[in-house]
There are 2 protein chains.
Amino acid sequence: MSTTPTVWRSHSGAAAGRVPLPAATGLHRVVIVGGGFGGLEAARGLSGAPVSICLVDQRNHHIFQPLLYQVATASLATSEIAWPIRAILRNRPEITTLLATVVGIDAEAHEVKLDGGQTVPYDTLVLATGARHAYFGHDDWEPVAPGLKTIEDATTVRRRILLAFERAEREADPARRRALLTFVVVGAGPTGVELAGTIAELARDTLPRDFRNIDTQEARVLLIEAGPRVLAGYPDDLSDYARRSLEALGVEVELGRAVSACSDEGVVYGERTLPAKTIIWAAGVMASPAAEWLGAPADRAGRLLVEPDLTVPGHPDIFAVGDTAMVAGPDGKPVPGIAPAAKQGGRYVAAVIKARLGGAKAPPPFRYRHQGSLAQIGKHRAVIDFGWIKLRGALAWWIWGIAHIYFLISVRTRLAVAISWLWIHARNQRAARLITQGGDEDRDQARR
Amino acid sequence: MSTTPTVWRSHSGAAAGRVPLPAATGLHRVVIVGGGFGGLEAARGLSGAPVSICLVDQRNHHIFQPLLYQVATASLATSEIAWPIRAILRNRPEITTLLATVVGIDAEAHEVKLDGGQTVPYDTLVLATGARHAYFGHDDWEPVAPGLKTIEDATTVRRRILLAFERAEREADPARRRALLTFVVVGAGPTGVELAGTIAELARDTLPRDFRNIDTQEARVLLIEAGPRVLAGYPDDLSDYARRSLEALGVEVELGRAVSACSDEGVVYGERTLPAKTIIWAAGVMASPAAEWLGAPADRAGRLLVEPDLTVPGHPDIFAVGDTAMVAGPDGKPVPGIAPAAKQGGRYVAAVIKARLGGAKAPPPFRYRHQGSLAQIGKHRAVIDFGWIKLRGALAWWIWGIAHIYFLISVRTRLAVAISWLWIHARNQRAARLITQGGDEDRDQARR
């Protein structure tokens, strides 16, 4: 018997062939790929419909992505923003959840192809596979400048941030110490702004008393943006307030400068070379490979172009929602890649499927309703744009917090996150500051 | 600039030479290696003493090891049982905490040697480096049968347990499915008993409604022990009660059978060969390499033999406490490798150092006081032996819970763990069921 631990990849070893799903007894089979906001909302919306559902995700958990940056900055623990998908769906006996990686789709045979050779048949397919980071042709930057889309991204970034301080504490050489205490965030959208602000707070408020050789308040945090503004999609005055808030926290905001090189030594932006040991990428996303699976038209970011009813052209039985799809909003601009948009898409698709099965008239075309934009910069500083009203400062910050807690999946997690935040608020103590490393040799290669 | 991320190992890159510690201004320099129970208690005991302290650990966090099995069985999250060491010590300005791996000791030069070539000078050295797993000469079993000493061990075991159920859900072949649903714990000490009982509860109470193709209640959990009893160090009647409780949970207890082979296919024990995809090792520990660093005499488990005052023979300036040391208890048997023993040792060493510095008489020889043995088997089932009284059943279980919460490090964590446990108790829902994989390519090689 060999001792090579080959069995721990979720996609190895399962026999090829159709997945042994419970007998569908003639029900319409819906397969949902992706257990994120779009996929889960579609599953929810199909409650009570005469369907059997198979939901497939390459991870076993749903992540509350808007708070992923808080795991990355050691403000929340991973378990506070992630829940097992099959536990979320446990009260839906008609839903089978599978941990698997989709490797392709056979649209003619109406089958989804999984790792290991298994296939899952469908009558209707919903693609809600989200996005991953884009490096504008510089994929070699990814190892030194990780993005923030998965739990593993978040713990990797967290580890790097905390290790940088640890190494600086031991570093005798002043130049190397300065590089260790220099943190660069690339991209000033909401994620970049939230990251930069929180790292600054970590260095300024949480860590100073923990170190003896270094003054963590001397850490430099830079937010580098190629465009002319932070929070480009927000109204000018809120964008301006965000920039001033970042600067008040000590963040150096560099606008109008694109990053032209990233390495483990630092970054080159504009004409400057900056030694920095920690770089985080928040500058671009592209869709999952769904369009490639179908050989269907996609935009420059890889998003599937969809019909007004969110189906893929030529495939009325295949829907795409969320970051996977390019949907035109009411103002002609693409619907933003945010959680509410994915949820609205998922809800809509469920309504269309239900209407079809019930013989009812098809709902009108999908119409995205922008409910508001929120971004937190730091303690007591946030911006909210509800369209009819704009808020900033401490009031916006409290509303931001309540809204995020409200949208968390379970009562228990709301309680846990509320306690964590109150603790940070009262004492500046961040409890989730663990540096952990991967245990198994095996790695799930199909993470992306 | 290369893009190879070489900088993320905590021990690479720091310049060789003495660590730049804050100027000691003539104070007696104490170096404590290890931030576990023994090391932290020594640090606490030295409060107010005229010393400067440097505490070194290869991880940035202190782990509450008695509850590590709960992370491994997805009942608690990692952040609920681990805290950053430097945060624990933040209010002690005379203590510098370093994240570093000790690679040796130069007892002549009175220096501790760290990874990367740095050294730390000491006047007094306290070794509290703990233990790691022992495989009785079969180190090749380690990849397939991980132990439970670190956070990474716990998340590895958790991942394997949860992945086994996930893969079984997709597995069409009945024999392979059975092997995936067979879990083996080797070693029936407290850790093994707690693991086996909790996995059985997970399969029986938490998971059944989450799966559709498999009946998780059909999972087999085996606890294999070479000796004649579970909980060998406990009174006979408590040991018996523990065994019957395990069996009531559906655990198959195999006594008097030693494991002779482990592989990713299963185990061989006694004369049986059992296909099992998940094996957890709880059968033996050995000390950290402290004895090797000193070239000092050690017992068969690698533990340093120490004088009655816990110093290493021939090195009155070097102390060893906890699992690192072999200390004879009042009954002549070795002091057990449990948290209270390490804490008593740490406290004692601090008292000795203080007495020396104050010119006072040396305290009497270290005398271990056994306060009691506790083990939890499952919900409402625990055993406690206080010596003068023995408890079992639900009362023992409540006391077990309260005692463990009491000894947790911080108020916030006590609250978090209490909530998690109440949730499990009320709803059988375990929230910490995340399958995560390592992010960075780099691995901290010196973990063991």
Side-chain angles (χ1 to χ4, degrees), chain A residues 1-8 10 14-15 17 19-20 22 60-61 77-79 82 84 86-87 90 96 98-100 140 143-144 151-152 155-156 160 162-163 166-167 169-173 209-210 212-213 263-265 277 412 415 419 423 431-440 443-444, chain B residues 1-8 10 14-15 17 19-20 22 60-61 77-79 82 84 86-87 90 96 98-100 140 143-144 151-152 155-156 160 162-163 166-167 169-173 209-210 212-213 263-265 277 412 415 419 423 431-440 443-444:
Chain A
M1 294 192 275
S2 91
T3 57
T4 316
T6 54
V7 303
W8 307 121
S10 72
V19 172
N60 82 325
H61 50 269
T78 54
S79 58
R86 58 175 70 257
R90 70 196 324 251
T96 302
L98 293 184
L99 177 72
D140 52 309
V144 291
I151 286 280
E152 290 85 6
T155 54
T156 295
R160 292 186 182 195
L162 297 177
L163 266 182
E166 293 286 351
R167 292 192 56 219
E169 179 80 338
R170 289 176 61 183
E171 181 56 65
D173 178 76
R209 295 179 63 183
D210 291 14
R212 304 287 174 262
N213 294 334
S263 79
D264 63 348
E265 295 298 320
K277 292 299 196 182
R412 187 194 166 284
L415 195 51
I419 290 173
W423 216 260
R433 291 165 42 194
L434 301 187
I435 297 175
T436 57
Q437 290 93 6
D440 267 336
R443 202 70 56 76
D444 184 351
Chain B
M1 296 192 273
S2 92
T3 57
T4 315
T6 55
V7 303
W8 307 121
S10 73
V19 171
N60 81 326
H61 50 268
T78 53
S79 58
R86 59 176 67 260
R90 72 200 318 256
T96 302
L98 294 182
L99 178 69
D140 52 309
V144 292
I151 287 280
E152 289 84 5
T155 53
T156 295
R160 293 185 182 195
L162 297 177
L163 265 183
E166 292 287 351
R167 292 191 56 218
E169 179 80 340
R170 288 177 61 185
E171 182 55 66
D173 178 76
R209 294 179 62 185
D210 289 14
R212 303 288 175 262
N213 294 335
S263 79
D264 64 348
E265 294 299 319
K277 291 300 195 183
R412 186 193 167 286
L415 196 51
I419 289 173
W423 215 262
R433 289 164 46 193
L434 301 186
I435 297 177
T436 55
Q437 290 92 5
D440 266 338
R443 201 73 55 78
D444 184 353

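Quick note on labels: first sequence line is chain A, next is B, and so on, each numbered from 1.
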*asked:* Determine whether A/I419 and B/I419 satisfy the following criterion, side chain to side chain contact (heavy atoms under 4.5 Å, CB included), listing intermediate values before the conclusion.
replied: CA-CA 11 Å; A/I419 290 173; B/I419 289 173; 3.5 Å; yes
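One finds the CZ atom of B/R433 at 8.0 Å from the CZ atom of A/R86 (value rounded to the nearest 0.5 Å). Rounding to the nearest 0.5 angstrom, the gap separating the NE2 atom in B/H61 from the CD1 atom in A/I435 is 8.5 Å. Here the straight-line distance linking atom CD of A/E169 with atom OG1 of B/T96 works out to 6.5 Å at 0.5 Å rounding. A distance of 7.0 Å separates CG of B/L98 from CG of A/N213, quoted to the nearest 0.5 Å. Here CG of A/L162 is found 10.0 Å from CG of B/L99. Values are rounded to the nearest 0.5 Å.
Contacts of A/L434 with chain B are made by both backbone and side-chain atoms, with heavy-atom separations under 4.5 Å.
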